[in-house]
Amino acid sequence: MEKEPVIADSTENDSPGNSCQILPGGFAGTGPNGSFFEAPAWVDKKKPPGMTSQADAVAPPGWWIDLVTGKFLFFSPNLVWLSIALVDYFIFPYDFQAAKSFQKLDWVLFRFAVNFSITFGYFGFWHCVLYFLGWSERPFHPSRRYKKSKVFHNMWYSFLGVVQLTVWEAIFMHCYATNRLPFMSDEQAFSNPWNITMFVLAAFWVPIYREFHFYFAHRFIHIKALYKYIHSLHHRNTDIEPFSGLCMHPLEHLYYYSCVGPSLLVFASPFAFMWNAVHLLISPAASHSGWEDHFQSDQYHYLHHRYFECNYGTGGTPFDKMFGTFRDQLKETGTSYRGGSEDKVDDKAAAIHDAKASLKGFPDIGFAIYITLNCAIWSLLWCAIQKQYGVHEWNPHHLAFLASAGPVIIAQIMANMTESTKRSIFYPFHKDGWKTISGHVIISSLVCIGPVYVMVHMLLSNPGDSLYFWLRA
């Protein structure tokens with residue numbers, strides 16, 4: 001049964017002098033008056049939600065200064081997420097003794113319980129305060145109807161996202177515990193000024209790398225074949241709500257979580273990995289709210305869901321402006337978009353896509369075949385870990401290649417067999433020129449496929465044989 005959300009007329013006070021301001025504007029991701037429930041300063045509240053051009057607010061001149069000075073950590077939502085990661089790290093520390101073996105999985109289940117509680121608690125908070133308690137007043141879609149089937153769909157795939165992140169975490173813990181991946185212990189981390197500095201620096205470099213990785217990983221899965229078999233599930237939501245943020249195909253989760261790649265190559269505290277993991281889990285929640293006036297409200301990304309082929313990065317980086325894929329406001333024509341998409345996305349088309357966000361009915365045959373083939377690869381990995389059926393005697397490089405590049409190859413083969421249009425395999429980036437296309441494909445492969453390859457090879461190899469040791473040979 002569907003019901004209308006409560007959408008009140010805007011009564012937001014534009015005058016900061018009429019209220020007691022506790023936090024400085026912008027601190028920890030607050031609005032200009034220090035509130036977690038107000039629109040960003042650049043929004044013209046006289047215009048409908050989404051209709052203020054954000055051209056001047058996205059990567060303005062000097063955008064990099066906050067990165068260099070470190071201000072971005074304190075005057076952004078990163079501070080809230082960092083606080084949650086620190087609580088997780090020190091209150092629920094990794095049990096490396098138990099992680100030495102996969103024979104008993106109680107330690108994995110414990111980490112799943114922690115990850116699930118953090119993720120669904122955080123996502124649930126934003127969903128409840130916006131859609132049930134009405135703490136915000138400016139929805140991007142003023143006539144939206146609340147769909148339980150859509151929310152359950154999004155929660156299911158978010159649940160699978162927590163499961164997979166826990167698998168990644170278990171692999172890292174096992175490799176830390178068995179010396180497949182050396183790490184800086186807490187005793188070492190706080191033993192001298194240099195190590196303390198390295199521990200603290202992780203708080204800064206993780207969110208910076210997240211911005212870089214997100215753009216290239218996101219653009220990568222918008223290439224035609226990968227979009228069809230992987231990313232289109234996430235884009236069933238054209239009018240987003242918090243749980244849609246982590247609602248992804250399991251193969252999209254695979255490449256999304258590859259952002260932890262730097263922790264495979266550097267000698268650092270496990271906190272660097274955990275901070276990255278927490279960031280990956282909870283940062284999509286509020287940015288997928290569907291509302292304009294609260295902490296981390298994100299018109300930039302709402303436009304991406306509404307129009308698909310624009311705004312692949314975040315509003316804090318200049319990548320979309322550089323490559324012509326920046327869209328500044330909520331309308332189809334007359335915007336800053338200069339990309340190569342040929343699809344028309346009017347209100348009717350958007351509604352049709354949004355209706356697909358449901359678990360009702362049978363999955364598409366292509367979806368079923370694709371996920372089955374990838375499940376077969378994952379089954380081989382499990383057999384190798386458990387030393388069953390002789391799979392553990394296979395070359396670790398071969399299994400690592402199957403797990404990392406296999407999903408891309410399978411998607412392209414299936415697309416070649418079923419595609420009826422004559423569009424380029426690089427659509428919608430086919431007009432970018434071969435230098436730009438090849439550059440993006442190389443970078444995206446390194447940051448998405450590469451970490452999965454390295455992690456699987458590390459897990460299946462003997463201690464001392466991973467890329468970490470090879471780089472230091």
Side-chain angles (χ1 to χ4, degrees), residues 27-30 36 67 70-96 99 107-108 110-126 158 161-173 175-176 181 183-190 195-214 242 245-246 253 256-264 266-288 295-296 314 316 451 455:
F27 184 76
T30 58
F36 285 102
L67 299 182
K71 181 180 178 181
F72 76 93
L73 183 64
F74 302 99
F75 284 80
S76 77
N78 285 307
L79 187 61
V80 174
W81 305 328
L82 176 62
S83 301
I84 294 172
L86 286 168
V87 170
D88 186 7
Y89 185 74
F90 288 109
I91 301 301
F92 306 106
Y94 287 154
D95 185 350
F96 293 118
W107 57 278
V108 180
F110 175 76
R111 286 308 309 171
F112 170 76
V114 172
N115 293 333
F116 178 84
S117 299
I118 291 174
T119 305
F120 273 68
Y122 187 80
F123 279 68
F125 168 80
W126 284 108
S158 295
V162 177
V163 170
Q164 187 174 150
L165 190 280
T166 304
V167 172
W168 279 75
E169 190 173 48
I171 292 173
F172 267 79
M173 288 176 64
C175 291
Y176 284 140
L181 182 60
F183 67 97
M184 184 187 298
S185 66
D186 289 344
E187 292 76 12
Q188 291 175 300
F190 299 103
N195 286 356
I196 293 174
T197 301
M198 294 298 101
F199 185 93
V200 172
L201 281 178
F204 293 87
W205 68 254
V206 165
I208 292 177
Y209 184 69
R210 276 279 288 123
E211 296 264 1
F212 173 84
H213 179 274
F214 180 74
L246 200 60
H253 284 130
Y256 176 67
Y257 294 146
S258 67
C259 185
V260 301
S263 291
L264 292 163
V266 299
F267 182 74
S269 165
F271 173 70
F273 167 82
M274 181 185 280
W275 166 214
N276 206 332
V278 169
H279 200 293
L280 286 160
L281 280 176
I282 65 177
S283 63
S287 67
H288 285 75
F295 164 95
Q296 204 200 353
T314 67
M455 182 183 70

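The structure presented is a predicted model; accordingly, all values stated were derived computationally and were not measured. We're numbering straight along the sequence, starting at 1.
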Mind listing the closest non-hydrogen atom pair of [X] and [Y] along with its distance?
X      : Y      : value
Phe123 : Leu281 : CE1-O, 3.1 Å
Arg210 : Cys259 : CD-SG, 3.3 Å
Phe90  : Pro93  : O-CD, 3.9 Å
Ala113 : Ser117 : O-OG, 2.8 Å
Gln296 : Ala286 : OE1-CB, 3.3 Å
Phe199 : Ala189 : CD1-CB, 4.1 Å

Are side-chain heavy atoms of [X] and [Y] found at a separation under 4.5 Å?
X      : Y      : answer
Leu264 : Pro451 : yes
Trp81  : Pro207 : no
Leu246 : His253 : yes
Phe190 : Asn195 : no
Phe110 : Trp107 : no

Can you tell me how far the [atom1] atom of [X] sits from the [atom2] atom of [Y], to the nearest 0.5 Å?
X      : Y      : atom1 : atom2 : result
Leu280 : Tyr256 : CG    : OH    : 4.5 Å
Glu211 : Leu67  : CD    : CG    : 7.5 Å
Met455 : Ser258 : CE    : OG    : 9.5 Å
Tyr94  : Arg111 : OH    : CZ    : 5.0 Å
Leu201 : Ile196 : CG    : CD1   : 12.0 Å
Asp186 : Tyr89  : CG    : OH    : 3.5 Å

**Request:** Would you please classify the geometry between the Trp275 ring and the His279 ring as parallel, tilted or perpendicular, with 30° and 60° separating the classes?
**Result:** perpendicular
**Trp168 ring center near Phe273 ring center (under 6.0 Å)** =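 No, too far apart.
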**Prompt:** Backbone N or O of Val260 within a donor-acceptor pair of the His213 side chain at under 3.5 Å?
**Reply:**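 Not a single qualifying donor-acceptor pair exists.
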**Prompt:** What's the verdict on side chain to side chain contact (heavy atoms under 4.5 Å, CB included) for Thr166 and Phe116, showing C-alpha distance, side-chain angles and the deciding distance?
**Reply:** CA-CA 9 Å; Thr166 304; Phe116 178 84; over 6 Å; no
